[in-house]
Amino acid sequence: MVSWLLPFAAFVAIVAVIEGTKISSGGMCHPSDLKGLTSFRANVRVDTSGRLAKWTGIKCCEWEGISCDNSTGRVIEIRLPGFISTSDSPYQSQMKGLLSPYITLLRSLEVIDLGGLMDLSGAIPSSIGFDLPNLRKLYLCSNRITGQIPNSIGKLLKLEELVLFENRLSGTIPPSLGNLENLSSLLLYSNQLSGKLPNSLANLTSLVHIDIHGNYLAGDIPENVGRLQNLKELDLSNNLLSGKIPTSISNLTAISTLYLDANNLEGPIPNSLHEMPSLGFLRLQNNRLSGNIPPAFGNIASLQRVSLANNKLTGAIPPSIGYLSALTELYLDGNLLSGHIPRSIGHLSGLLVLNISYNAIQGQLPREMSSLQNLQILDLSFNRLNLSSIPTWFSQLSSLSKIYMAGCGIKGKFPRLLWMMPSLVQELDLSANHITGGLPSWLGSLTQLYLLNLSRNSLVSGIPETFASLSTLAILDLHSNKLTGSIECVLRSPTYIDLSDNRFSDGTEMIGLGAECGIRYLNLSNNSLEGRLPDSIASCILMKSFDVSSNELGFNLPVGLASISSLETLKLQRNRLTGNIPKDYLKLRKLRVLDLSDNLLVGEIPAGEPLSDFPESSFSGNKGLCGKPLPPCRF
Ligand SMILES: *[C@@H]1O[C@H](CO)[C@@H](O)[C@H](O)[C@H]1NC(C)=O
Ligand SMILES: *[C@@H]1O[C@H](CO)[C@@H](O)[C@H](O)[C@H]1NC(C)=O
Ligand SMILES: *[C@@H]1O[C@H](CO)[C@@H](O)[C@H](O)[C@H]1NC(C)=O
Ligand SMILES: *[C@@H]1O[C@H](CO)[C@@H](O)[C@H](O)[C@H]1NC(C)=O
Ligand SMILES: *[C@@H]1O[C@H](CO)[C@@H](O)[C@H](O)[C@H]1NC(C)=O
Ligand SMILES: *[C@@H]1O[C@H](CO)[C@@H](O)[C@H](O)[C@H]1NC(C)=O
Ligand SMILES: *[C@@H]1O[C@H](CO)[C@@H](O)[C@H](O)[C@H]1NC(C)=O
Ligand SMILES: *[C@@H]1O[C@H](CO)[C@@H](O)[C@H](O)[C@H]1NC(C)=O
Ligand SMILES: *[C@@H]1O[C@H](CO)[C@@H](O)[C@H](O)[C@H]1NC(C)=O
């Protein structure tokens, strides 16, 4: 930063001399600007980036993060975004080595602490509005700025960009912002702002981007919002906004992105929406919108991605939908939509994703759907489709890789049609249907399979050995069928395995054997499993939940289990497990759910957390357990 600012300052000085203007050479700044910046610095409590420490002397135009106008010498920009350090983090070099093999592991971590967050803490001083009247851009995003946005911001009449996202600002948005006639970007997202959206914002006809998502804004969207004729992006998602979507919104003729999702909006989707000629991205999901999808919805020819999911929309999907020739993603799931899927849907040749799950849509599926040659993800689950079988034209859907048809009334043997699919199936959910017969061994040839959910059917067979070759399978859910035999060949690859409510009889001694155990969730409850739990289970170090309740397992509790420090849920009740509870189980510090009841365990429950914190019911019904929380042992 500093290295390019210096020649810049020299250039300013030369220009000043040549043009004979009144600016002082070398980035000297106007006394008022200096005062404003000094009081800004004084309000910053902590600056882990060290940038403000270098704000010394009076040449404020040379300071890091400050830009001045060449000709007037006045401060026009403050740019002090917080950032993640790229050089100082002690984790940096480790991360490089880690990233590729453990990328999936990292993705599922909830918090990655990179240690080197560089930012400012403090408040924006009210004096900013008085001392820096020439400011055009104020960038303080991704810091830890607290307090309110000062009302005096409304005095910065030249302000064009106010960029304060990802801070901890609270209070209301000051109505004085309505004075900033040249404001084009208002980016306040991810703060803790509350109160109503000020009506005065509608006076800011220069606004191009408004993004205030992720705050606590309440009340209505101002009815006069339609006056923002230059608005291209309006993101008010993830707030507490209520009331109806104002009909004037259709006056936003320049808008391309409209995100109002995750609020409490109610009432209908305005009929006039089709008058918005540039609308490309529309998100209204997770509200309480009711009524029909407007009949002329399909006239918004520019629409590319639409979500109306999780509302209370009723009626049929309007046939006009077929005119949306630019549409790539359509989410209508979680509404009360009924009727049939219109034939016109076949015209949506660019459609990649279609989710109409959880509605009351009826069959048959129109044959025209076979023209959806780019469709990759299709979710038809839980409607009133009553399909009986998967239509044969499915095999023409040449891009389909994620197929969700749960609760679609599919009957008979496992649909062989899926073997003929021209595409590589990655996710297949046929749960809650009436599929009978066995698991076909050709399923093992779906080598890209990542998720397989066949739960709640009537499948009777063993797991074909070919399943062992499903090396990318991560999620396997076969619960509530009548499957038998060994579970061994599915213990390798998946991280989520639910085989509960079946009739499996063996394979538990293989848990944790083999190259690497990546299992996080394993549910074998309510089967007929016999044999023992092996100490090799110790290698499943990522396991959070392990349930083998209601089986016929015998032998001692495996000591190896004690080294799974991530374990949160352990359910071994209703088996025939014998011996003592290993003392090492006291190492399971993350355990939240424990059930060892109804076994043949004996001896003292090892004293201490977490074991003695569980209720008696976690240990009841055994042959001879004693000690806290059960009555004391009598030796
Ligand atoms: C200010 O200086 C920059 C180069 O440093 C130049 O690109 C820009 O046009 C100048 N602006 C004015 C208003 O003179
Ligand atoms: C707003 O911008 C216009 C055009 O750049 C300019 O003429 C006007 O002076 C600006 N308004 C203020 C208050 O600076
Ligand atoms: C909008 O601007 C007009 C005049 O420019 C003014 O009369 C009105 O009070 C302003 N509205 C709000 C809500 O600030
Ligand atoms: C929307 O536009 C129409 C016609 O252009 C106009 O009559 C109406 O007043 C506008 N509404 C708002 C709120 O700007
Ligand atoms: C479709 O929508 C449902 C309900 O909102 C959701 O649970 C499901 O994950 C979505 N399907 C896909 C494939 O994303
Ligand atoms: C489902 O379809 C079958 C014929 O395919 C029919 O016999 C049955 O009554 C239908 N069930 C419902 C609930 O509509
Ligand atoms: C599999 O489908 C069932 C029923 O449709 C559902 O409850 C379950 O959560 C699904 N399993 C996974 C792992 O998504
Ligand atoms: C256990 O599985 C049987 C079928 O194997 C089923 O009938 C029963 O409801 C299941 N019990 C529980 C508690 O899920
Ligand atoms: C395991 O599956 C059974 C039956 O499907 C279910 O009742 C139980 O809650 C599951 N256990 C865990 C830990 O999720």
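Indexing begins at 1, ligand by ligand and atom by atom, following the structure's order.
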So, regarding Ser525 and ligand 9 (criterion: nitrogen or oxygen to nitrogen or oxygen, under 3.5 Å), is there a contact or not?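 Checking ligand 9 against Ser525, no N or O pair falls under 3.5 Å apart.
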
Heteroatom proximity flag, Ser500 to ligand 9, N/O under 3.5 Å: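 Between Ser500 and ligand 9 (N or O atoms, distance only) the closest approach is under 3.5 Å.
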
As an exercise, identify every atom of ligand 7 less than 4.0 angstrom from a heavy atom of [X].
{"X": "Arg456", "result": "4 (C)"}
{"X": "Ile475", "result": "13 (C)"}
{"X": "Ser455", "result": "1 (C), 2 (O), 3 (C)"}
{"X": "Phe382", "result": "5 (O)"}
{"X": "Asn453", "result": "1 (C), 2 (O), 3 (C), 8 (C), 10 (C), 11 (N), 12 (C), 14 (O)"}

Of the protein's non-hydrogen atoms, which lies at the shortest distance from [atom], and what is that distance?
{"atom": "atom 5 (O) of ligand 8", "result": "Asn502 O, 4.1 Å"}
{"atom": "atom 13 (C) of ligand 9", "result": "Ser545 OG, 3.6 Å"}
{"atom": "atom 6 (C) of ligand 9", "result": "Asn523 ND2, 4.2 Å"}
{"atom": "atom 11 (N) of ligand 9", "result": "Asp547 OD2, 2.8 Å"}
{"atom": "atom 14 (O) of ligand 9", "result": "Tyr521 OH, 2.7 Å"}

Name of the residue among Arg589, Lys628, Lys590 meeting salt bridge (charged side-chain N to carboxylate O under 4.0 Å, His left out) with Glu609: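 In the set Arg589, Lys628, Lys590, the residue that makes a salt bridge (charged side-chain N to carboxylate O under 4.0 Å, His left out) with Glu609 is Arg589.
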
Counting only heavy atoms not in [X], do more than 12 sit closer than 6.0 Å to its [atom1] atom?
{"X": "Glu465", "atom1": "CD", "result": "no"}
{"X": "Glu552", "atom1": "CD", "result": "yes"}
{"X": "Glu488", "atom1": "CD", "result": "no"}
{"X": "Tyr521", "atom1": "OH", "result": "yes"}

Say you draw a straight line from OG of Ser566 to CE of Met543; how long is it, rounded to the nearest 0.5 Å?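 Here the interatomic distance stands at 8.0 Å.
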
Under-4.0 Å heavy-atom contact between protein and atom 9 (O) of ligand 7: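 Flag for atom 9 (O) of ligand 7 set to false, no protein heavy atom closer than 4.0 Å.
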
Can you check which of Asp501, Leu483, Asn526 brings a heavy atom nearest to atom 3 (C) of ligand 8?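 Nearest option to atom 3 (C) of ligand 8, by heavy atoms: Asn526.
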
Given Ser431, Ser480, Ser357, identify the one with the heavy atom nearest to atom 4 (C) of ligand 7.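 Minimum heavy-atom distance to atom 4 (C) of ligand 7 goes to Ser431.
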
Any side-chain donor-acceptor pair under 3.5 Å between Asn310 and Asn286?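 The criterion, which ignores hydrogens and geometry beyond distance, is satisfied for Asn286 and Asn310.
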
Working note: Ser401 + Gln376, criterion side chain to side chain donor-acceptor pair (under 3.5 Å); need CA distance, chi angles, decisive distance, verdict. CA-CA 5 Å; Ser401 66; Gln376 293 171 10; 5.4 Å; no

For Glu266, is there an ion pair with Lys312 - N to carboxylate O distance below 4.0 angstrom?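 The answer is no: the pair does not qualify as a salt bridge.
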
Parallel, tilted or perpendicular, as decided by the 30° and 60° cut-offs, for the rings of Trp419 and Trp442: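 Plane angle under 30°, so parallel.
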
